[in-house]
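What follows is a single structure, written as structure tokens, with notes after it.
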Amino acid sequence: MDAEELRRFRRSLLAWYDRAARDLPWRRTHDPYRIWISEIMLQQTTVVAVIPYFERFLARFPTVQDLAQAEEEQVLRLWEGLGYYSRARNLHRAARVVVEQHAGEFPRGVETLHDLPGVGRYTAGAIASFAFDERAPIVEANTQRLYCRLLGYASDPKSAEGQRTLWQFAEDVLPSKQAGRFNQALMELGATVCTPKSPDCESCPVKAHCRALAAGLQHAIPKPAVRPETTDVTHAAAAIRHDGRWLLRQCGAEERWAGLWDFPRIELAPADAPHSKGALTAARTLRARRAVEQGVARLTGLSIEAGDLLHQLRHTVTRYRIRLLCFHGAIRATDVAPTASEEARIRWVHPDEFSALPLSMTGRKLAEVVQGL
DNA sequence: AAAGCGTGGTC
DNA sequence: TGACCAAGCTT
């Protein structure tokens with residue numbers, strides 16, 4: 001676009017945003033802390049899912065100081081069910097950086113923001129422009145799709161060349177004033193008009209500037225990403241009660257759901273697991289029980305006996321379809337002591353206290369099952 | 001630089 | 001039911 005077309009584009013977009021903008025909680029403030037929280041929560045997550053988490057999180061941690069002083073486990077507890085839990089751990093770390101290295105004052109400037117844990121190129125630009133009105137470009141899912149269509153960019157937007165092209169456009173298109181509002185308008189257009197499946201080009205305020213529409217390619221652009229196929233896996237867990245309390249274990253740093261609590265759970269070798277759609281034969285059930293006994297011993301240092309199957313469930317996560325077999329379990333001997341590191345990761349929990357811990361998805365589902373026992 | 005990381009909604 | 005998608009970042 002030449003300078004004149006750029007001016008018309010900006011004017012049309014802002015005029016549309018004036019009447020079409022959704023009223024979202026994080027659009028009612030310029031507080032960088034609140035904007036930061038919202039941006040982290042919104043990473044790969046829908047607006048509808050985020051809103052209740054956002055309100056609850058801010059009520060519990062109104063300032064960056066409150067967040068920095070909290071225990072990580074309490075931060076994770078407010079994140080439970082939102083997914084991508086490294087976001088919560090990074091958020092907590094970053095709050096401590098802001099308090100300790102920036103005197104509790106949120107840093108300005110894309111580069112300083114980018115240094116915070118969990119803040120990448122997009123999020124740094126978002127905070128800088130929304131909170132401080134800096135002229136910082138952004139590219140995320142909505143704007144990536146929008147820019148691709150406006151430019152008629154038909155190659156892979158995720159490639160190095162694609163990213164160079166899109167970030168360059170994101171910068172070129174930004175006005176020198178009201179950059180934050182303009183970035184919001186770009187995203188809003190992508191989210192509500194220039195949508196993935198059936199873009200509403202008829203009512204688009206900038207359709208006159210869209211190369212994809214001019215070529216009739218709005219459905220073919222952007223080029224869809226190739227997705228990895230999902231793999232079937234079987235996990236086995238043990239539900240072990242002692243004095244009315246259940247044995248839970250905190251997932252380790254290298255595991256899925258790191259930092260969250262779950263019933264002791266292992267992945268079964270294919271030989272010990274039922275075929276993905278097949279029935280669980282007696283022989284395989286027995287092998288799964290032996291495997292979960294060994295697994296619990298390794299994870300907790302406790303000797304247990306696995307009994308009948310208590311519950312089965314399926315859960316899909318990223319690229320794995322997990323089939324979970326949960327067995328009743330009983331402590332075999334009381335004189336076995338976990339090592340210190342195992343000890344730190346296991347807890348006997350009364351059902352009334354489940355809600356005080358951040359639970360993994362499988363932990364949450366099984367907690368619900370054992371509530372009724 | 002490719003792979004890992006969650007969950008819920010929609011079509 | 002399953003594929004697709006959502007205000008990405010880290011290693």
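Excluded from the calculations below are hydrogen atoms, water molecules and symmetry mates; all remaining heavy atoms, backbone and side chain alike, are included. Here is the naming used below: chain letters follow the sequence lines, and residue numbers restart at 1 for every chain.
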Once you round it to whole Å, what is the distance between [atom2] of [N] and [atom1] of [X]?
{"X": "Met41(A)", "N": "dC5(B)", "atom1": "CE", "atom2": "P", "answer": "22 Å"}
{"X": "Leu82(A)", "N": "dG8(B)", "atom1": "CG", "atom2": "P", "answer": "9 Å"}
{"X": "Glu255(A)", "N": "dG4(B)", "atom1": "CD", "atom2": "P", "answer": "16 Å"}
{"X": "Met187(A)", "N": "dG8(C)", "atom1": "CE", "atom2": "P", "answer": "9 Å"}
{"X": "Gln144(A)", "N": "dC5(C)", "atom1": "CD", "atom2": "P", "answer": "12 Å"}
{"X": "Glu80(A)", "N": "dG6(B)", "atom1": "CD", "atom2": "C1'", "answer": "13 Å"}
{"X": "Arg321(A)", "N": "dG8(B)", "atom1": "CZ", "atom2": "P", "answer": "17 Å"}
{"X": "Tyr320(A)", "N": "dG2(C)", "atom1": "OH", "atom2": "C1'", "answer": "19 Å"}

Handout entry: Upstream residue (5' side of DNA chain B) when Ala49(A) and Arg256(A) are each assigned their closest nucleotide
Key = Arg256(A)
Practice task
Would you kindly compare Val48(A) and Ala258(A) by the position of their nearest DNA chain B nucleotide and give the one closer to the 5′ end?
Solution key: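 The answer here is Ala258(A).
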Selected nucleotide, minimal atom distance to [X] side chain, candidates [options]:
{"X": "Arg364(A)", "options": "dA7(C), dA6(C), dT7(B)", "result": "dT7(B)"}
{"X": "Thr318(A)", "options": "dA7(C), dG8(B), dC5(B)", "result": "dC5(B)"}
{"X": "Arg145(A)", "options": "dC4(C), dC5(B), dA6(C)", "result": "dA6(C)"}

Handout entry: N/O donor-acceptor pair under 3.5 Å between Glu39(A) side chain and Thr123(A) backbone
Key = no
Handout entry: Test item: Asp262(A) side-chain N/O and Pro264(A) main-chain N/O as donor-acceptor pair under 3.5 Å
Key = no
Problem - Pairwise 5' ranking along DNA chain C for Asn90(A) and Arg22(A), keeping only the more 5' one - result: Arg22(A)
Practice task
Tell me which of His114(A) and Ser38(A) sits closer to the 5' end of DNA chain C, going by the nucleotide each one is nearest to.
Solution key: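 Upstream on the strand: Ser38(A).
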Should [X] be listed as having a side-chain N or O under 4.0 Å from OP1 or OP2 of [N]?
{"X": "Arg87(A)", "N": "dT10(C)", "answer": "no"}
{"X": "Arg319(A)", "N": "dG4(B)", "answer": "yes"}
{"X": "Arg227(A)", "N": "dC5(C)", "answer": "yes"}
{"X": "Thr46(A)", "N": "dT7(B)", "answer": "no"}
{"X": "Tyr85(A)", "N": "dT7(B)", "answer": "yes"}
{"X": "Gln43(A)", "N": "dA7(C)", "answer": "no"}
{"X": "His315(A)", "N": "dG6(B)", "answer": "no"}
{"X": "Trp79(A)", "N": "dC5(B)", "answer": "no"}

Practice task
Would you name the heavy atoms of Arg321(A) and Asp232(A) that are closest together and state the gap between them?
Solution key: NE-OD1, 2.7 Å
Pairs of donor and acceptor atoms involving the side chains of residues 215-226 of chain A, under 3.5 Å and at least two apart or interchain, shall be tabulated with distances.
{"from": "His219(A)", "atom 1": "ND1", "to": "Lys197(A)", "atom 2": "O", "distance (Å)": "3.3"}

Handout entry: Whole-angstrom distance between dA2(B) and dA7(C), as gauged at atom P
Key =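 Pairwise P distance, dA2(B) against dA7(C), rounds to 24 Å.
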Exercise for the section: Using the P atom on both, measure dG8(B) against dC9(C) and round to a whole Å. Expected result: 22 Å
With heavy atoms under 4.0 Å as the rule, sort [X] into base, sugar-phosphate or nothing.
{"X": "Gly190(A)", "answer": "nothing"}
{"X": "Gln44(A)", "answer": "base"}
{"X": "Pro224(A)", "answer": "nothing"}
{"X": "Trp257(A)", "answer": "sugar-phosphate"}
{"X": "Thr123(A)", "answer": "sugar-phosphate"}
{"X": "Ala126(A)", "answer": "nothing"}
{"X": "Val119(A)", "answer": "sugar-phosphate"}
{"X": "Leu186(A)", "answer": "nothing"}

Problem - Pair Tyr53(A)-Glu80(A), side-chain donor/acceptor within less than 3.5 Å - result: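 The criterion, which ignores hydrogens and geometry beyond distance, is not satisfied for Glu80(A) and Tyr53(A).
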Exercise for the section: Please check if any side-chain donor atom of Asp200(A) sits under 3.5 Å from a side-chain acceptor atom of Ser203(A), or the reverse. Expected result: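 On atom types as modelled, these side chains qualify, holding a pair under 3.5 Å.
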Handout entry: Enclosure of Arg22(A) CZ (heavy-atom neighbours >12, cutoff 6.0 Å)
Key =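 Counting neighbours around CZ of Arg22(A), more than 12 heavy atoms of other residues, nucleotides or ligands fall under 6.0 Å, so yes.
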Practice task
Check if the side chain of Thr45(A) and the base of dG6(B) share a donor-acceptor pair of N or O atoms closer than 3.5 Å.
Solution key: yes
Practice task
Look at the aromatic rings of Phe9(A) and Phe169(A) and report parallel, tilted or perpendicular, splitting at 30° and 60°.
Solution key: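 Plane angle over 60°, so perpendicular.
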